[in-house]
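Heads up, the thing below is written out as structure tokens.
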Protein chains: 2
Amino acid sequence: MLLTDVSRKFVLHWGEMGSRWGINRTIAQIHALLYVSPEPLNADQIAETLSVARSNVSMSLRELQGWGIVQVVPVLGERKDHFTTQQDVWEMLLVVLDERKKRELDPTLTVLRECVMEAREQGDTEKHTAQRLNELLQLVETCGGWYGQVRSLPRPMLVRFLKMGSRLRKLLG
Amino acid sequence: MLLTDVSRKFVLHWGEMGSRWGINRTIAQIHALLYVSPEPLNADQIAETLSVARSNVSMSLRELQGWGIVQVVPVLGERKDHFTTQQDVWEMLLVVLDERKKRELDPTLTVLRECVMEAREQGDTEKHTAQRLNELLQLVETCGGWYGQVRSLPRPMLVRFLKMGSRLRKLLG
DNA sequence: CTGTAATTTCAGTAAAGACTGAAAAGACAG
DNA sequence: CTGTCTTTTCAGTCTTTACTGAAATTACAG
């Protein structure tokens with residue numbers, strides 16, 4: 001299995017972007033590879049194509065499955081597990097956002113709430129801190145709530161909403 | 001300079017979150033520290049409070065200034081540079097999003113456009129790749145365009161928009 | 001069961017990223 | 001200028017994270 005020029009370019013860039021957003025480079029590359037692959041790949045093919053150890057692929061695939069963007073598919077007449085990724089990019093985006101919300105935003109909300117409470121208990125000593133942290137908490141809560149709203153829109157409406165461009169302003173104005 | 005319990009908790013958490021999003025832990029901690037500090041701090045104070053080398057603080061502050069979320073403020077009767085961060089959290093969020101768009105989304109757009117073009121040049125060989133990459137490109141373009149729209153709303157309208165919760169659905173329905 | 005293929009685990013190692021301290025450069029009062 | 005205070009740079013080191021390969025485990029056909 002050899003990557004074409006275009007695929008290689010994409011896979012490398014995707015890996016790079018991943019690592020800038022706190023996602024392991026190899027994991028992002030595997031994801032990219034599966035995304036452009038016309039058919040499901042098995043772990044050996046992935047390892048060979050990306051020149052990484054078989055065991056590394058195994059761990060990375062498990063991670064991707066944990067994120068919910070890669071799944072095992074059976075291939076007729078093949079004993080090895082084969083893997084694909086979501087073909088619908090919007091679904092993929094939402095799944096990733098959900099996961100990051102759960103893993104990072106929600107814990108931050110919890111910590112901020114605790115901090116604001118504790119700061120208030122300290123009275124005047126922490127008045128300023130309480131103030132600042134509360135502002136941040138409001139922001140995070142607002143964004144989280146908004147995301148929940150958007151998330152619950154039926155898919156076509158969501159896409160329509162994002163595509164509506166300059167009409168957004170009119171709508172609100 | 002010793003951190004209070006609340007501040008320490010917040011600073012540590014913020015550092016942790018930063019590193020999950022591809023931002024150096026120390027840099028995020030410095031940002032958090034400045035955010036809760038009632039008055040501007042100089043580099044030595046920061047270094048002492050967070051127990052990191054003075055030189056590290058220097059580099060990190062420079063990075064934060066590059067992101068546009070920390071600035072130097074002169075303090076009367078003080079020779080050393082003092083630093084603060086945006087007090088308006090919304091402004092802070094937008095500045096960070098702008099910067100990440102510029103650094104990560106825009107380059108990705110460029111690469112995807114190139115890839116789609118190159119794939120199309122290959123004709124049938126890369127038909128599938130062209131297809132997949134184009135879908136991704138559409139997604140990124142849509143999101144980028146949408147952000148541009150939202151970004152250009154006057155601040156109060158933007159906040160109102162994010163806070164509007166369940167009315168969003170009605171508005172679109 | 002037994003043997004073979006496939007996958008996972010994990011201790012050890014390699015690579016990447018972050019940090020330090022010493023030295024250089026810059027700023028500025030006298 | 002000169003001397004002092006401040007900031008920056010960067011080579012070397014340390015820490016963290018990622019990766020490998022050998023061994024253990026699992027899956028399953030015969």
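Any value given below was found using the heavy atoms of this structure, including those in side chains, with hydrogens, waters and symmetry copies removed. Order of the sequence lines fixes the chain letters, A, B, ..., with proteins taken first and strands second; residue numbering starts at 1 for each chain.
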### Query
Do any pairs count as a salt bridge (charged side-chain N to carboxylate O under 4.0 Å, His left out) and have a residue in residues 143-156 of chain A, sequence neighbours left out, and if so which ones?
A:Glu91-A:Arg155, A:Asp98-A:Arg151
### Query
Parallel, tilted or perpendicular: which fits the ring planes of B:Trp21 and A:Trp21, with parallel below 30° and perpendicular above 60°?
perpendicular
### Summary
Sorted by chain and residue number, the salt bridge (Lys or Arg N to Asp or Glu O under 4.0 Å) partners of B:Lys9 (sequence neighbours excluded) come out as A:Glu114, A:Glu118
### Task
Using the test salt bridge (Lys or Arg N to Asp or Glu O under 4.0 Å), find all partners of A:Arg20 that sit at least two apart in sequence or belong to another chain.
B:Glu104
### Task
Send over the distance from B:Ile23 CD1 to C:dA18 P, rounded to a whole Å.
11 Å
### Summary
Here the distance between atom C1' of C:dT13 and atom CG of A:Asn56, to the nearest Å, is 14 Å
### Message
Tell me which residues in residues 63-84 of chain A lie within less than 4.0 Å of DNA chain C, going by non-hydrogen atoms.
### Response
A:Arg79, A:Lys80, A:Asp81
### Sub-4.0 Å heavy-atom contacts from residues 27-55 of chain A onto DNA chain C, ordered by number
A:Arg54, A:Ser55
[X]: side chain to side chain donor-acceptor pair (under 3.5 Å) partners, not counting sequence neighbours:
X	answer
B:Ser19	none
A:Asn56	A:Ser60
A:Thr108	B:His13

Expected list for residues 135-143 of chain A: side-chain donor-acceptor pairs under 3.5 angstrom, two or more places apart:
residue, atom, partner, partner atom, Å
A:Glu135, OE1, A:Arg132, NH2, 3.3
A:Glu135, OE2, A:Gln131, NE2, 3.3
A:Gln138, NE2, A:Asn134, OD1, 3.3
A:Glu141, OE2, A:Arg113, NE, 3.1
A:Glu141, OE2, A:Arg113, NH2, 2.8
A:Thr142, OG1, A:Gln138, O, 2.7

Ignoring hydrogens and angles, write down the donor-acceptor pairs under 3.5 Å from the side chains of residues 64-84 of chain B, residues two or more places apart or on other chains.
residue, atom, partner, partner atom, Å
B:Trp67, NE1, B:Glu63, OE2, 3.4
B:Lys80, NZ, B:Asp44, OD2, 2.6
B:His82, ND1, B:Lys80, O, 2.9

### Query
Quick one: hydrophobic cluster around B:Val111, which other residues, with the 4.5 Å side-chain cut-off, linked directly or via members?
none
### Message
I'd like the 5' and 3' limits of the part of DNA chain D contacted by chain A, with heavy-atom contacts below 4.0 Å.
### Response
D:dA18 to D:dG21
